[in-house]
Amino acid sequence: MRVLVTRPETTADNTLRRLALAGHETLLLPLSEAEHLPIRATALTASGVVATSAEAFRALRQSPDALPSLVPLPVYCVGTATAEAALDLGFSQVRVGPGDAAGLAELILRDRYGQTGILLYLAGTPRLPDLETRMTVAGVPLQVRLVYRMRPVVRPPGELSARVRAFDPQAVLFYSREAVRQFFSDIAPAMLADTVRILCLGPRIADAVPPGCRHVEIAPRPDEDALLALLDA
């Protein structure tokens, strides 16, 4: 199957390797790239760390002065990929959520019942406010530090649509709402074959797909194993 992958280039190697081993033909068209933003160690006062993306820990490598004060702390990760990135950076007290912000929030509330310390949220932008809203409602103090910014990949006019037409994908993988928005700002649904499958990591991502796409599928769990399994369904 011809599979178009829209995730950032820095995180796509394993995805492309898995698809190739499964016999798929792939085209990587990253729609965004991460800009890492350093943070100052003196600005950090926290009893735990929260992250909703592995990119947060890749970004944290740009702030080596902050690491000694952070890695001894418990860290709450949205899912397994984020947890692996935390372990790679030296964190050892890693708590793993089910892959979405709502589940991560419930894990934090259960784990820290009765505790009053501030949690440091290593955040990116753009992001949905779900986690911050839930913590605010529950009265959990959250110190947000922006450590990365996702920027659109700039291409010459018409390049994206030309490469999509030439590849003629049978499936397109989407990992974020922003990727869907960027893709369909250049690609009208009518430019894709009627049979193309739009495979989304979660329901909110699928909600951003324009109505002209006929075959939108949602991974049963918000992780890449479940997303790639859709290709064999």
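Just the heavy atoms: all of them, side chains too, but no hydrogens, waters or symmetry mates, feed the values below.
Leu19 and Met1 end up in the same hydrophobic cluster when Ile, Leu, Val, Met, Phe, Trp and Tyr side chains are linked at under 4.5 Å. Hydrophobic clustering of Ile, Leu, Val, Met, Phe, Trp and Tyr side chains at less than 4.5 Å, counting indirect connections, keeps Tyr76 apart from Val71. In the hydrophobic cluster analysis, where Ile, Leu, Val, Met, Phe, Trp and Tyr join through side-chain heavy atoms closer than 4.5 angstrom, Leu70 is grouped apart from Ile118. Both Phe167 and Leu192 belong to a common hydrophobic cluster when Ile, Leu, Val, Met, Phe, Trp and Tyr are linked at side-chain heavy-atom distances under 4.5 angstrom. Side-chain heavy atoms closer than 4.5 Å link hydrophobic residues (I, L, V, M, F, W, Y) into clusters, and following such links, even through other members, never connects Val75 to Met135.
Atom CG of Leu173 is separated from atom CG of Leu4 by 8.0 Å, given to the nearest 0.5 angstrom. Between Leu73 atom CG and Leu119 atom CG the span is 9.5 Å, to the nearest 0.5 Å. Put simply, CD1 on Ile205 and CD1 on Ile218 are 9.5 Å apart, with the number rounded to the nearest 0.5 Å. Leu122 contributes atom CG, which lies 5.5 Å from atom CD1 of Ile39 (distance to the nearest 0.5 angstrom). Leu199 contributes atom CG, which lies 5.5 Å from atom CG of Leu230 (distance to the nearest 0.5 angstrom). Interatomic distance, Arg151 CZ to Thr125 OG1, rounded to the nearest 0.5 Å: 12.5 Å.
With Tyr121 as reference, Thr52 is the one residue of Leu146, Val49, Thr52, Val147 to meet the side-chain contact (heavy atoms from CB on, under 4.5 Å) rule.
Within the structure, side-chain hydrogen bond (donor to acceptor under 3.5 Å, both in side chains) pairs that include any residue of residues 223-233 comprise Arg7-Glu224, Thr15-Glu224, Arg18-Asp225, Tyr175-Glu224, Arg221-Asp223 (at least two apart or interchain). The list of side-chain hydrogen bond (donor to acceptor under 3.5 Å, both in side chains) pairs with a residue in residues 205-217, not counting sequence neighbours, reads Arg197-Glu217. Listed by first and then second residue, the side-chain hydrogen bond (donor to acceptor under 3.5 Å, both in side chains) pairs that reach into residues 92-105 are Arg95-Asp111, sequence neighbours excluded. Pairs engaging residues 167-177 under the salt bridge (charged side-chain N to carboxylate O under 4.0 Å, His left out) rule: Arg2-Asp168 [sequence neighbours left out].
The side-chain contact (heavy atoms from CB on, under 4.5 Å) search around Ser161 returns Arg165, Ile187, Met191, not counting sequence neighbours. Among residues two or more places apart in sequence or in another chain, the salt bridge (Lys or Arg N to Asp or Glu O under 4.0 Å) test is passed with Arg127 by Glu132. Residues meeting the side-chain contact (heavy atoms from CB on, under 4.5 Å) test with Ala138, sequence neighbours left out: Leu109, Arg134, Val140. Checked against side-chain hydrogen bond (donor to acceptor under 3.5 Å, both in side chains), Ser47 has the following partners two or more places apart in sequence or in another chain: Arg112. Residues satisfying the side-chain hydrogen bond (donor to acceptor under 3.5 Å, both in side chains) test with Glu9, not counting sequence neighbours, are none.
Under the 30°/60° scheme for interplanar angles, the aromatic rings of Phe174 and Phe183 are found to stand perpendicular.
The minimum heavy-atom distance between Val196 and Pro169, with the atom names listed, is CG2-O, 3.4 Å. For the pair Pro222 and Pro98, the tightest heavy-atom approach, listed with the atom from each and the gap, is CG-O, 3.7 Å.
More than 12 heavy atoms of other shown residues, nucleotides or ligands fall within 6.0 angstrom of atom CZ in Arg58.
Clustering of Ile, Leu, Val, Met, Phe, Trp and Tyr by side-chain heavy atoms under 4.5 Å joins Val137 with none of the others.
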Could you list the donor-acceptor pairs under 3.5 angstrom formed between side-chain atoms of residues 77-91 and any protein atom two or more places apart in sequence or on another chain?
| from | atom 1 | to | atom 2 | distance (Å) |
| --- | --- | --- | --- | --- |
| Thr82 | OG1 | Ala54 | N | 3.3 |

Could you pull out every donor-acceptor pair under 3.5 Å between side chains of residues 21-37 and any protein atom, sequence neighbours left out?
| from | atom 1 | to | atom 2 | distance (Å) |
| --- | --- | --- | --- | --- |
| Glu35 | OE1 | Arg149 | NH1 | 2.9 |
| His36 | NE2 | Glu55 | OE2 | 2.6 |

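Two residues are said to be in side-chain contact when any heavy atoms from C-beta on lie closer than 4.5 Å; Leu67 and Leu60 meet this criterion. Proximity of Ile198 to Phe184: side-chain heavy atoms (C-beta onward) are separated by under 4.5 Å at one or more points.
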